Amino acid sequence: MAGSSPRCPPARARDENGAWQSDAAERWLAATHEMGGKIWASEFANEPNLIGGTQPPKGYTSADYRRDYTRFHDWLAARSPQTRVLAPGAFEYRDGSPLPAFITTLPTREMVPNGPARPDVVSFHFYGEISQRCAGPQPDPQGAAWLGMIDHAIARTKTLRREIAPDAPLWLTETAETACGGNPQAATFADTFRFVDQLARAARQGVSVVMHNTLAASDYALLDEKSFAPRPNYWAALLWKRTMGTRVLDAGSADAKFGLRLYAQCQRGVAGGVSVLAINPDRTQPHDLALSGEAEVRSLTQAERDPAHAALNGTPLELGAGDTLPDLAGLRRSGSVTLAPSSVTFLTFAKADNPACR
């Protein structure tokens with residue numbers, strides 16, 4: 001027909017024998033290059049141990065996956081050698097408890113080969129529970145068992161790393177309050193305890209990158225999906241980014257009586273400076289923390305009678321005109337500081353002169 005343009009044939013992800021082929025991936029890569037972009041890192045498949053979600057051919061096995069992963073690895077090495085291969089990106093759940101029976105799985109250890117096709121980065125996904133919308137329970141957001149649950153997933157993934165790529169970095173490439181979109185409490189200050197505790201625990205155990213799911217979709221997003229207004233976890237992420245460096249320090253022992261959690265890292269952008277994250281999940285009891293030197297204190301709490309918003313040192317956090325950020329400066333304190341019940345506090349000691357942070 002006059003004036004018509006030829007249509008591209010559909011790109012297929014598998015050949016006639018069910019093996020992965022690069023047709024569709026080639027188009028994505030070419031389109032990225034045409035826009036002047038680069039793909040810094042890629043996982044071959046999302047949570048391949050939950051094999052039903054990838055819609056494989058009938059009878060697909062771990063050996064089939066290793067074949068396809070190796071094809072992808074070799075293709076990417078040839079076509080985009082600067083792109084890092086992340087694997088396995090497996091779904092890690094709770095403390096290793098079995099998944100519901102209706103979910104078809106393959107053993108994670110059998111998914112990724114070592115040798116020449118080993119990944120550049122060993123990656124995993126973690127959710128402590130399935131959300132209520134998928135028939136899961138709603139956890140106590142400030143409970144000790146809930147806050148520490150990621151430790152099991154990190155330990156299992158480290159064991160896997162020793163077997164397939166012992167020198168590779170460890171990345172957490174997807175996580176949020178609960179899987180399946182999150183519970184309603186994920187959009188409130190209640191989830192900030194899990195969020196920051198998980199960041200600190202991951203850093204302490206050698207996880208170098210954490211990717212949160214998602215920016216602006218569903219209950220667990222950092223931004224409201226309709227207004228794009230920041231949720232409490234957004235403010236926590238922003239304060240983390242501004243205060244917590246990448247070198248982890250020994251924070252000493254916390255007072256187990258109140259369930260206080262302390263983490264320390266070098267202060268971001270300040271030579272010799274130290275940042276301390278102090279989490280007081282107790283709903284009723286404050287806790288006095290002795291300070292060694294002057295600290296700048298930024299304490300996050302729930303805004304008064306408003307669980308959907310956070311307050312910084314008592315002042316509700318919200319964007320200003322033109323979506324400008326509010327003043328995030330802390331309060332200067334020395335001697336001691338009182339950690340309010342249900343609070344997350346970032347303390348920075350710019351004059352600590354810590355040798356490990358110079």
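Being a predicted model, the structure only gives us computed values, none of them experimental. Note that these values count all heavy atoms, side chains included, but never hydrogens, waters or copies made by symmetry.
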- Message: Could you check whether any side-chain N or O of T61 sits under 3.5 Å from a backbone N or O of D64, counting only pairs where one atom can act as donor and the other as acceptor?
- Response: yes
- Message: For the backbone of Q132 and the side chain of N183, can you confirm whether one donor and one acceptor N or O come within less than 3.5 Å of each other?
- Response: yes
- Message: With a 3.5 Å distance limit and no angle check, can you tell me whether N49 reaches the backbone of F91 through a side-chain donor-acceptor pair?
- Response: yes
- Message: Please say yes or no: joined through hydrophobic side-chain contacts below 4.5 Å, possibly via intermediate residues, are V344 and L260 part of one cluster?
- Response: no
- E177 and Y127: side chain donor to acceptor below 3.5 Å: no
- May I ask you to decide if the ring planes of F44 and Y65 are parallel, tilted or perpendicular, using 30° and 60° as cut-offs? tilted
- Do side-chain atoms of T188 reach the backbone of P184 as a donor and acceptor pair under 3.5 angstrom? no
- Assess whether atom CD of Q55 is packed by more than 12 heavy atoms of other residues, nucleotides or ligands within 6.0 Å. no
- Item | Pair R358 + D353, salt bridge at N-O below 4.0 Å | yes
- ILVMFWY clustering at 4.5 Å (side-chain atoms), partners of W171: W40, L86, V121, V209, M211
- Donor on one side chain, acceptor on other, T246 and Q265, under 3.5 Å: no
- Check whether any side-chain heavy atom of L312 sits under 4.5 Å from a side-chain heavy atom of L239, and report yes or no. yes
- Using the six-membered ring wherever Trp is involved, compare the ring planes of H73 and Y69 and label them parallel, tilted or perpendicular (cut-offs 30° and 60°). tilted
- Item | Candidates R14, R12, E26 - the one meeting side chain to side chain contact (heavy atoms under 4.5 Å, CB included) with Q21 | R12
- Side-chain heavy atoms of I51 within contact of T105, under 4.5 Å: no
- Item | Polar side-chain atom of R298 near backbone of L328 as donor-acceptor pair, under 3.5 Å | yes
- Task: Answer yes or no: is there a side-chain heavy-atom contact under 4.5 Å between C266 and S275?
- Result: no
- Message: Under a 3.5 Å threshold, yes or no: a donor from one side chain and an acceptor from the other, between T175 and Q198?
- Response: yes
- If two hydrophobic side chains count as joined below 4.5 Å and joins carry through other members, does W235 share a cluster with L339? no
- Check: R204 side chain, A264 main-chain N or O, donor-acceptor pair, under 3.5 Å: no
- Euclidean distance, L277 CG relative to T345 OG1, rounded to 0.5 Å: 8.0 Å
- For the hydrophobic clusters of this structure (ILVMFWY residues joined by side-chain heavy atoms under 4.5 Å, transitively), does one cluster hold both F228 and L325? no
- Backbone of G182 reached by a side-chain donor or acceptor of R133 within 3.5 Å: yes
- Short side-chain to backbone donor-acceptor contact, T70 and R66, under 3.5 Å: yes
- Are any of the side-chain heavy atoms of F193 and S342 separated by less than 4.5 Å? yes
- Query: Side-chain heavy atoms under 4.5 angstrom apart, residues restricted to Ile, Leu, Val, Met, Phe, Trp, Tyr: same cluster for I154 and V196?
  - Reply: yes
- Item | Under 3.5 Å donor-acceptor, R194 side chain and P141 backbone | no
- Any side-chain heavy-atom pair of K158 and Q205 under 4.5 Å: yes
- Item | Student check: side-chain heavy atoms of F124 and L170 closer than 4.5 Å | yes
- Without hydrogens or angle criteria, can the side chains of D191 and N233 be said to hold a donor-acceptor pair below 3.5 Å? yes
- Item | Sub-4.5 Å side-chain heavy-atom contact between V274 and T348 | no
- Task: Determine, for E294 against R333, whether the closest basic-nitrogen to carboxylate-oxygen distance falls under 4.0 angstrom.
- Result: no
- Just by distance, do the side chain of S80 and the backbone of L76 share a donor-acceptor pair under 3.5 Å? no
- Message: Between the side chains of R27 and D23, is the shortest nitrogen-to-carboxylate-oxygen separation below 4.0 Å, so that they form an ion pair?
- Response: no
- Query: Applying the 4.5 Å side-chain criterion to the ILVMFWY set and letting contacts propagate, would L147 and Y220 be lumped into a single cluster?
  - Reply: no
- Message: Are H125 and E92 packed together at the side-chain level, in the sense that at least one heavy-atom pair is separated by less than 4.5 angstrom?
- Response: no
- Message: Any donor-acceptor pair under 3.5 Å linking the side-chain atoms of T338 with those of D288?
- Response: yes
- Considering only NZ, NE, NH1 and NH2 on the basic side and carboxylate oxygens on the acidic side, decide whether D95 and R156 come within less than 4.0 Å. no
